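Report on the structure given below.
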Amino acid sequence: MSTTSVSGTIPNTDRIEDLPEEGATAPSGIDTAELGRILLGRWPEARLEARKRAEDPRFHSQYDMSFDEQRKVTFEQLKLLTEAGPQYLGMPESVGGAMSPGANLSAFEELVLADPSLQIKSGVQWGLFGSAVLNLGTEEHHQKWLPSILDLSMPGAFAMTEIGHGSDVASIGTTATYVPETDEFEIHTPFKAAWKDYLGNAAVHGRAATVFAQLIVNGTNHGVHCLYVPLRDENGKFLPGVGGEDDGRKGGLNGIDNGRLHFDHVRVPRTNLLNRYGDVDENGVYSSPIPSPGRRFFTMIGTLVQGRVSLDGAATIANQAALSIAVRYAEQRRQFTTDSDIREQTLLDYQRHQRRLIPRIAETYAMTFAHQQLLDKFHEVFSGEDDSDGNRQELETLAAAFKPMSTWSALDTLQECREACGGAGFMAKNRFVQLRADLDVYVTFEGDNTILLQLVAKRLLNDYSAEFKNADVGVMARYVADRATEAGFNRSGLRKLTQAFQDTGDSRKSVNALRDPAAQRALLTDRVQTMVGDIADELRAVARKSRTEQADAFNTSQNRLLEAARSHAQLLQWEAFTAGLEKIEDPGTKRVLTWLRDLFGLHLIEQDLAWYLSHGRLSMRRGRALESYVNRLIARLRPYSLELVDAFGLSPELLRAEIGGTVEAERQAEAEDYYRRLRASGDAPVKEPKPAKDPGAQTRGHHA
């Protein structure tokens, strides 16, 4: 399957066999400076400049006010950001831009550290509204509208989503009907389910919108196209035929004025059609460089993929911030005495606390390296370095795979870090709760995560089917025989029996088989290929039956398809992490990061252990060995936890969490000094003695 690997051949990194066992010499530390540079990716200057801006208190989140006030503050912040000029990074030189799409998204993603509301509002203005004009319009549109969009003199909305067709954009109800008598398009929402909803900038600030509608010309529906439509006058009053409502307070991101819009036969000039992929001339004749309506639709939607790419990056940065706070707190906070009556134990010395945080550090590193590959591919496509159809499809698939994984991970990590910090984590000043509330909607922004994974699954099925498109009868017969043999080998228990025989009497053999990178990749790959192969075979069996039967068969397989897509995305993250190891030169850092990569891979296998056991991919002995080895890896990584999060390079001004600083260490030091002085004074109270045992108590209890 062509989408199985981003990076190609897996580089030959440090083998796990070379890693020290307990008691052996371990790396003395990590080169956090080198690692930090690597984690910044291909456009470090853009990220560092964006972080410098994010440290400015004028851009910081404001939660202690009404949502109307918060909206005003966020809009003022957007004006300040406009003056700084990062919005020009991804724009063409013809409008004063730098035409560096990768640098543009790198800077945009970092805004989540300042205020997620500001990040998303800027994304609406320049990443959606502006990008629709840029990527769906032509040079005439660029010169006409982009300057006012970029300098914020024309705030705008991106009107795609409808109440009745959220993720099903192809079925939206809004129409744009060509009127030859006046050479105009008439925009109309014929029923309430066609109202555009959840639109940033729609409730208050937006004065224009890029509106997606079914393009109808001379009675023919040419599918979804985009038009530039004015909404309000300079005083903020709706123009004739345009109406709307305020969505009101939301669960998060209340600095953004989300609202809904509707149109009652609103006329716009024919030239307001953003016509890069479909045009109507002065004679009312439709034309398109892409003859296939389906391919045309996906090409237009694909030009807006940067939203998914940037959300993947922003969620990854949110993970980095949450873990930076939680690990720093866990290194300082002490609770309960273990081996000392005087000094309590730090939270991060408890195995369960390590289990809560360290695997999520591993996952965040995997997400970071995966996002770098995604961002590189995005830049290749939108800078023109490699704008081939195949590369665009690959970009769309990767974005659809990574965005669900990172945004779900952000919610999980923020919640776990919140709980790991106890009551302190629930305080607003320590940011977990509000960050989680703000990022909650990221899982449905720019495509619902479940729908995106279904797109990935369909791509996997298409790639799988393409392998057999031109196969003759003999090839298919051998394939069926091989599948039957493989299934028999696994399901009969022969694979597990072979593993058990190889491992007999030595648990280290079980561990050695799991810690080999090639074995990890084989297990992760096998899960994807087996699941896709099984489903493809089932769907092939109904290929000649009715559409209803085909739809039923697909629906019956939907959950397994989504699991296959999830596993595929995780495999890609593991491969990206493995490729990222090649960038590290310091031997000690590389060794620790190799352990971290192995923890990521083995933890994935551990989470899906039931599948590997039930499908005969692992013996029970190896399954039991897995948990103990994961625990050993976590314990081995524990001394490097703080350095691993320090490498994220997030300053106190970016974290802005009291418990992410030294306040807890100062409290602990104060308490320790108090008890030390109390003991030295001789005035310390003595403990109440335990009651003496009553020798007759046991006898009386027995008779009772």
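Please read all numbers here as calculations on a predicted model, not as lab measurements.
By the salt bridge (Lys or Arg N to Asp or Glu O under 4.0 Å) test, E396 is found to be paired with no residue, residues two or more places apart in sequence or in another chain being considered. Not counting sequence neighbours, the partners of P269 by the side chain to side chain contact (heavy atoms under 4.5 Å, CB included) test are T271, N272. In this view, D448 satisfies the salt bridge (Lys or Arg N to Asp or Glu O under 4.0 Å) rule with no residue, not counting sequence neighbours. Under the rule for a side-chain hydrogen bond (donor to acceptor under 3.5 Å, both in side chains), T316 has no partner lying at least two apart in sequence or in another chain. Scored by the side chain to side chain contact (heavy atoms under 4.5 Å, CB included) test, H141 finds V133, T138, W145, L274, N275 as partners (sequence neighbours excluded). Under the side chain to side chain contact (heavy atoms under 4.5 Å, CB included) criterion, A428 pairs with no residue, sequence neighbours left out. Evaluation of the side chain to side chain contact (heavy atoms under 4.5 Å, CB included) rule for N258 yields D247, K250, I256 as partners, not counting sequence neighbours.
Pairs passing the ring pair (Phe, Tyr, Trp, His ring centres under 6.0 Å) check and including a residue from residues 71-107, sequence neighbours excluded, read F75-H205. Listed by first then second residue, pairs satisfying salt bridge (charged side-chain N to carboxylate O under 4.0 Å, His left out) with a partner in residues 160-183 read E162-K196, D183-R270, not counting sequence neighbours. For residues 99-113, every residue pair satisfying the salt bridge (charged side-chain N to carboxylate O under 4.0 Å, His left out) rule, not counting sequence neighbours, is listed here: R47-E109, R47-E110, R51-E110. Within the structure, every pair that satisfies the ring pair (Phe, Tyr, Trp, His ring centres under 6.0 Å) test and touches residues 42-65, not counting sequence neighbours, is listed here: W43-H379. Every pair passing ring pair (Phe, Tyr, Trp, His ring centres under 6.0 Å) that includes a residue from residues 267-314 is listed here, sequence neighbours excluded: H222-Y286, H225-Y286.
Taking a cutoff of 4.0 Å between a charged side-chain nitrogen and a carboxylate oxygen, E446 and R308 do not qualify as a salt bridge. Between K52 and E49, no side-chain nitrogen of the basic residue sits less than 4.0 Å from a carboxylate oxygen of the acidic one, so the salt-bridge criterion is not met.
Looking only at distances, no side-chain donor or acceptor of R295 sits under 3.5 Å from a matching main-chain atom of S292. D257 places a side-chain N or O within donor-acceptor distance of the main-chain N or O of V204, the cut-off being under 3.5 Å.
Residue F238 places its CZ atom among more than 12 non-hydrogen atoms of other residues, nucleotides or ligands, all under 6.0 Å distant.
A donor-acceptor contact under 3.5 angstrom links the side chains of D312 and S406, judged on distance only. S61 and Q434 are not linked by any side-chain donor-acceptor pair at a separation below 3.5 angstrom, with hydrogens and angles left out of the test.
Exactly one residue among T161, T174, V224 makes a side chain to side chain contact (heavy atoms under 4.5 Å, CB included) with F212. That residue is V224.
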